[in-house]
2 protein chains.
Amino acid sequence: MAAFKAHQGWEALGDPSRFAIVQCLAERPRAVGDLADELPISRQAVSQHLRVLKDAGLVAAQAVGTRRIYRLNPAGVAALKDQLDTFWRRALDGYQNVIEDKTEEGS
Amino acid sequence: MAAFKAHQGWEALGDPSRFAIVQCLAERPRAVGDLADELPISRQAVSQHLRVLKDAGLVAAQAVGTRRIYRLNPAGVAALKDQLDTFWRRALDGYQNVIEDKTEEGS
DNA sequence: CTGAAGCGTAAGTCGTAGCTTTCGTTCGTG
DNA sequence: CACGAACGAAAGCTACGACTTACGCTTCAG
């Protein structure tokens, strides 16, 4: 199934810690240590999650001195939103089919 | 963090198998056995995944004889889409902040 | 009423993702 | 130049979840 490669972003957001990170980054860009301060996990763990999110195209890094400022990547978020939009639209079509099928179901 | 309960739908879509199921259901409602035929996993595994998706509010079941026709729940999909939309919007605001901060960064 | 088809559930196994710990690297500060 | 801060990477451990197997229930057909 071709979509198995496209759901990389979904696996990234599927983890609670990463979801929390994305939430924090949605408010404003932050450094790794700052993110770790607001999460119940270590800084290294945050770093690993950020790597996954970065590979998924959901976040981007910007080096400032010894710090690395991470921010959300709107394009990545938009990509996921687009897929959900497709599901949503097709689901509505499916509804129509079900209703129409019900008419012939009695035969 | 309050959002930890709300990401139930994200964990559901985070699994490749469940994502594939949602994809199939987006095309049209299907029975459990039909879904299993198009996936590399057993029918029971599909059944378990459907349970997770149902708990997450992403799918709904409809008994027809011995079969159970599953379909997407547009409301659940819309809920996730709404969260992504919030992220996306806040991310753009964050961009503005970064740009403005850059002005003062040189000092 | 008997048999089969279609599902859901429980128990058990196994892989893997997430977390911590440790270490190496880069950059700023005195 | 030496020290400390901030971060990434590798190794190891543990726990959770995905899948299978086996079983019981419901519904339709004969």
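Chain letters run A, B, ... following the sequence lines, proteins first and then strands; every chain starts at 1. Bear in mind the structure is a predicted one, so any value in this text is a computation, not a measurement.
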- Rounded to whole angstrom units, what separation is found between the CG atom of B:Asp37 and the C1' atom of C:dA5? 13 Å

- Give A:Ala31 one of three labels, base, sugar-phosphate or nothing, depending on what nucleic acid heavy atoms sit under 4.0 Å from its own. sugar-phosphate

- Spacing of A:Leu53 atom CG relative to C:dG18 atom P, expressed in whole Å: 10 Å

Between the protein and nucleotides 12-18 of chain D, which nitrogen or oxygen pairs are less than 3.5 angstrom apart?
| from | atom 1 | to | atom 2 | distance (Å) |
| --- | --- | --- | --- | --- |
| D:dA18 | OP1 | B:Arg18 | NH2 | 3.2 |
| D:dA18 | OP2 | B:Arg18 | NH1 | 3.1 |
| D:dA18 | O5' | B:Asp15 | OD1 | 3.3 |

- Item | B:Asp55 CG - C:dT9 C1' separation (whole Å) | 14 Å

- Provide the full list of salt bridge (Lys or Arg N to Asp or Glu O under 4.0 Å) pairs with a residue in residues 76-88 of chain B, sequence neighbours left out, each pair given once. A:Lys81-B:Asp85, A:Asp85-B:Lys81, B:Asp85-B:Arg89

- Query: Are side-chain heavy atoms of A:Phe19 and B:Gln83 found at a separation under 4.5 Å?
  - Reply: yes

- Does some side-chain heavy atom of B:Leu25 sit less than 4.5 Å from a side-chain heavy atom of B:Leu35? yes

- Check every atom of C:dC7, C:dC19, D:dC7 against the side chain of B:Val32 and return the nucleotide holding the closest atom. C:dC7

- Nearest-0.5 Å distance, CD1 of residue B:Ile41 to OG of residue B:Ser17: 4.0 Å

- Could you give the CZ-to-C1' distance, from A:Arg68 to D:dA5, as a whole number of Å? 15 Å

- Message: Would the distance check show the side chain of B:Arg18 and the main-chain N or O of B:Ala12 forming a donor-acceptor pair, the cut-off being under 3.5 Å?
- Response: yes

- Query: For A:Thr86, what residues pass the side chain to side chain contact (heavy atoms under 4.5 Å, CB included) criterion, not counting sequence neighbours?
  - Reply: A:Arg90

Would you tabulate the pairs of protein nitrogen or oxygen atoms and nucleotide nitrogen or oxygen atoms of nucleotides 23-29 of chain D closer than 3.5 angstrom?
none

- To the nearest 0.5 Å, atom CG of A:Asp34 lies from atom SG of A:Cys24 at 10.0 Å

- Flag, side chain of B:Arg71 to backbone of B:Ala60, donor-acceptor distance under 3.5 Å: no

- Item | Sole residue of A:Leu50, A:Leu13, A:Leu58, A:Val59 in side chain to side chain contact (heavy atoms under 4.5 Å, CB included) with A:Ile21 | A:Leu50

- Task: Let me know the distance between CG of A:Leu39 and C1' of C:dC19, rounded to the nearest Å.
- Result: 13 Å

- Message: So if I take the C1' atoms of five pairs at each end of the helix from C:dC1-D:dG30 to C:dG30-D:dC1 and get each local axis, what angle do the two axes make, rounded to 10 degrees?
- Response: 20°

- Query: Which nucleotide in the set D:dT20, C:dC7, C:dT21 lies at the smallest distance from any side-chain heavy atom of A:Ser42?
  - Reply: C:dT21

- At under 4.0 Å, does any side-chain N or O of A:Ser47 touch on OP1 or OP2 of D:dG8? yes

- Message: With rounding to the nearest 0.5 angstrom, report the CZ to CG distance, B:Arg30 to B:Leu72.
- Response: 11.5 Å

- Message: Nearest 0.5 Å, please: how far is NZ in B:Lys54 from OH in B:Tyr70?
- Response: 5.5 Å

- Distance test, side-chain N/O of A:Tyr70 to OP1/OP2 of D:dG8, below 4.0 Å: yes

- Query: To the nearest angstrom, how far is B:Lys54 atom NZ from C:dG8 atom C1'?
  - Reply: 10 Å

- Which whole-number value in Å describes the distance from A:Leu35 CG to D:dC7 P? 9 Å

- Message: Which residues pass the side chain to side chain contact (heavy atoms under 4.5 Å, CB included) test with B:Glu11, not counting sequence neighbours?
- Response: A:Pro16, B:His7

- Check whether any side-chain N or O of B:Arg51 sits under 4.0 Å from OP1 or OP2 of C:dT9, and answer yes or no. yes

